[in-house]
Amino acid sequence: MENILGLVALASGLIVGLGAIGASIGIALMGGKFLESSARQPELMNDLQTKMFILAGLIDAAFLIGVAIALLFAFANPFAATFLANLPK
């Protein structure tokens, strides 16, 4: 049982950590491209800023879905119930 709980904790940490790294890199690349494009065509800055914030919200939403799945595994672990049901009595 301790082995499964340890692996679930490790998996939850990996889900959150890799999701945070991916979201950070995605937002950083998008912000850099926004600054480049607004420097080249300043008259489009308002339209580009609106689209950038929408995309930033979508990138963060994907990360938060990963956090919710990690919390599901950490607190309402479906694997532990299966493991406990198969234990010999």
Side-chain angles (χ1 to χ4, degrees):
M1 180 68 182
E2 291 84 20
N3 189 17
I4 290 193
L5 292 177
L7 291 175
V8 167
L10 184 64
S12 298
L14 283 173
I15 290 172
V16 172
L18 293 176
I21 289 171
S24 300
I25 291 172
I27 289 179
L29 289 173
M30 184 183 55
K33 296 295 181 181
F34 167 71
L35 290 176
E36 287 179 14
S37 61
S38 63
R40 289 183 184 177
Q41 292 183 337
E43 64 273 4
L44 294 178
M45 190 184 311
N46 290 334
D47 294 335
L48 292 173
Q49 187 176 16
T50 303
K51 292 175 185 173
M52 185 194 72
F53 283 134
I54 290 172
L55 286 174
L58 291 174
I59 291 171
D60 280 340
F63 166 64
L64 289 177
I65 289 170
V67 170
I69 291 171
L71 288 173
L72 171 74
F73 287 156
F75 293 112
N77 192 353
F79 304 117
T82 305
F83 177 73
L84 289 174
N86 293 330
L87 281 177
K89 294 185 180 185

Practice item. Of all the heavy-atom pairs spanning Leu48 and Ser38, show the shortest one and how long it is. Key: CD1-N, 4.4 Å

Practice item. Treat each ILVMFWY residue as a node, draw an edge where side-chain heavy atoms are under 4.5 Å apart, and state whether Leu14 and Ile21 are in one component. Key: no

Check your understanding: Could you state the interatomic distance from CG (Leu55) to CG (Asp60), rounded to the nearest 0.5 Å?
Key -> 11.0 Å

Practice item. Indicate if Val16 and Leu71 have the same hydrophobic cluster label, given that clusters are the connected sets of ILVMFWY residues with side-chain heavy-atom separations under 4.5 angstrom. Key: yes

Exercise for review: Answer yes if Leu35 and Met52 sit in the same cluster of Ile, Leu, Val, Met, Phe, Trp and Tyr residues linked by side chain heavy atoms under 4.5 Å apart, and no otherwise.
Suggested key: yes

**Study point:** Validation row: Val8, Ser12 side chains within 4.5 angstrom (heavy atoms)
**Key:** yes

Check your understanding: Could you state the interatomic distance from CG (Leu18) to CZ (Phe63), rounded to the nearest 0.5 Å?
Key -> 10.5 Å

Review point. Going hydrophobic residue to hydrophobic residue with side-chain gaps under 4.5 angstrom, can you get from Leu10 over to Ile69?
Key: no

Exercise for review: Can you measure from CD1 (Ile27) to CG (Leu58) and round to the nearest 0.5 angstrom?
Suggested key: 10.5 Å

Check your understanding: When rounded to the nearest 0.5 angstrom, what distance separates CD1 in Ile59 from CD1 in Ile25?
Key -> 11.5 Å

